[in-house]
Amino acid sequence: MSRLLFISDIHGNMEAVEALQKELPNIAPDKIYFLGDAVGKGPESHLALDWVRKNCDVVIRGNWDDGMILNQFPNDQYYCNQLGEERLKYILTLPFETEVLISGLWFRLVHGRPTDRLYLSYDSMEDLEKGFISKVSSRVYNAYICADSHMPYIRNCSKGYAINTGSIGNSLGVPRVHGILIEGELDSPVQSPISFNVLSIPYDNEKAVKKCDLYPDMPWPDAYKKEILTGRYGRA
């Protein structure tokens, strides 16, 4: 049986990443899947993306990753300058979605935006079920794992399982490191038992906030600090 870790949304918060890194020997994943948004918002997008490239086996593109290329977000140029040309070229190589077969179930892996809507924990079943259909191939899946909303959940729908990783570095609600750990038979077409668990790891939020002071040109630092400390969004 494989242990598969699904994570996303670091948003430049390396204090949160270091807390996850410390726990990885205990989690002991066989593979790590990163579902987008290493960059933006926080102070160290360059280091966050470097960590993803070094440690994650499968990586897809999120809306902030994509925004760095298209200059969609306020003050994108700050993050683009921090990332540099080589990292931006790497982001361009990332797919918007992929798939994985676990214990006889085909999972669609997608960030959410920009290809899909924002899938929220309190969405209706009708809204969540839009995520079971690939925007690339129109294939219908047994389950999907998304990100983007920064709040982990596991929903049982009539079409299958709708799962959200939550966020590593920018959690909504409880401001901790979140991810999804799945235990099942990787690449097996035979239906067999499978388990889903939400990981919740504390980290030094105060230290993460102080890190911003090392980057005086970082956009919207007060809003970011509020998010890291309270799990509530919106510019302070």
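For clarity, every value in this text was computed on a predicted model and none was experimentally measured. Every heavy atom of this structure was used, including side-chain atoms; hydrogens, water molecules and symmetry mates were not.
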Heavy atoms, side chains only, cut-off 4.5 Å: are [X] and [Y] in contact?
X      : Y      : value
Val17  : Glu44  : no
Ile145 : Ile182 : yes
Leu101 : Ser188 : no
Trp51  : Leu20  : yes
Arg117 : Asp127 : yes

What residue pairs, at least two apart or across chains, pass ring pair (Phe, Tyr, Trp, His ring centres under 6.0 Å) with a residue in residues 156-197?
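Only Tyr161-Phe196 qualify under ring pair (Phe, Tyr, Trp, His ring centres under 6.0 Å).
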Gap between atom [atom2] of [Y] and atom [atom1] of [X] - 0.5 Å precision:
X      : Y      : atom1 : atom2 : value
Asp204 : Ile228 : CG    : CD1   : 11.5 Å
Asn164 : Leu35  : CG    : CG    : 9.0 Å
Cys146 : Leu128 : SG    : CG    : 8.0 Å
Asp30  : Met1   : CG    : CE    : 11.0 Å
Ile10  : Leu47  : CD1   : CG    : 10.5 Å
Gln82  : Met68  : CD    : CE    : 10.0 Å

Quick one: does any side-chain atom of [X] pair with a main-chain N or O of [Y] as donor and acceptor, under 3.5 Å?
X      : Y      : answer
Arg3   : Ile27  : yes
Arg61  : Leu92  : yes
Asn142 : Trp106 : yes
Asn81  : Gln77  : yes
His11  : Val39  : yes
Ser171 : Arg176 : yes
Asp66  : Asn63  : no
Asp65  : Asp37  : yes
Arg155 : Ile163 : no
Ser8   : Ala147 : no

Validate the cation-pi geometry between [X] and [Y]: distance from NZ or CZ to the six-membered ring centre under 6.0 Å, angle to the ring axis within 45°.
X      : Y      : result
Lys41  : Tyr233 : yes
Arg113 : Trp64  : no
Arg53  : Tyr90  : yes
Arg108 : Tyr141 : no

Are Glu15 and Lys211 ion-paired here, with the side-chain N under 4.0 Å from a carboxylate O?
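Looking at Lys211 together with Glu15, the answer is yes, because their closest N to O distance falls below 4.0 Å.
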Does Lys89 come within less than 4.0 Å of Glu85, counting only side-chain N to carboxylate O?
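Salt bridge present between Lys89 and Glu85.
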Which residues pass the side chain to side chain contact (heavy atoms under 4.5 Å, CB included) test with Met218, sequence neighbours left out?
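Side chain to side chain contact (heavy atoms under 4.5 Å, CB included) check on Met218 returns Pro43, Tyr78, Cys212, Tyr215, Tyr224.
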As a quick check of understanding, evaluate salt bridge (Lys or Arg N to Asp or Glu O under 4.0 Å) for Asp213 and Lys225, giving each step before the final call.
CA-CA 11 Å; Asp213 297 335; Lys225 291 176 182 180; 3.3 Å; yes
List the steps, then state whether side chain to side chain contact (heavy atoms under 4.5 Å, CB included) holds for Asp9 with Ile168.
CA-CA 6 Å; Asp9 295 284; Ile168 294 295; over 6 Å; no
Take Lys135 and Asp116 through the salt bridge (Lys or Arg N to Asp or Glu O under 4.0 Å) test and state the conclusion after the steps.
CA-CA 8 Å; Lys135 301 303 184 291; Asp116 287 45; 3.2 Å; yes
Classify the side-chain pair [X]/[Y] by whether it contains a donor and acceptor separated by less than 3.5 Å.
X      : Y      : answer
Glu227 : Asn170 : yes
Glu97  : Ser134 : yes
Ser158 : Glu129 : yes

According to a 4.5 Å side-chain heavy-atom criterion applied to Ile, Leu, Val, Met, Phe, Trp and Tyr, with indirect links allowed, do Leu49 and Leu214 form part of one hydrophobic cluster?
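Yes, it is one cluster - the side chains of Leu49 and Leu214 are joined through contacts under 4.5 Å.
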For Tyr33 and Phe6, I'd like to know if the aromatic rings sit close, meaning centre-to-centre distance below 6.0 Å.
yes
Looking at Leu199, Thr165, Ile180, which one forms a side chain to side chain contact (heavy atoms under 4.5 Å, CB included) with Leu5?
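Answer after filtering Leu199, Thr165, Ile180: Leu199.
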Tyr119 and Tyr144: ring pair (Phe, Tyr, Trp, His ring centres under 6.0 Å), yes or no, with the steps?
CA-CA 11 Å; Tyr119 298 116; Tyr144 69 90; 5.3 Å; yes
Set out, in order, the CA-CA distance, both residues' side-chain angles and the distance that settles side chain to side chain contact (heavy atoms under 4.5 Å, CB included) for Ile102 and Phe107, then state yes or no.
CA-CA 7 Å; Ile102 311 171; Phe107 287 77; 3.9 Å; yes
Any chance you could lay out the side chain to side chain contact (heavy atoms under 4.5 Å, CB included) test for Arg139 and Ile133, step after step, and finish with the verdict?
CA-CA 6 Å; Arg139 178 177 179 177; Ile133 303 173; over 6 Å; no
Exercise: identify the closest heavy-atom pair between Asn13 and Gly169:
ND2-O, 3.0 Å
Worked verdict on Leu118 versus Asp148 for side chain to side chain contact (heavy atoms under 4.5 Å, CB included)
CA-CA 7 Å; Leu118 178 65; Asp148 197 18; 3.2 Å; yes
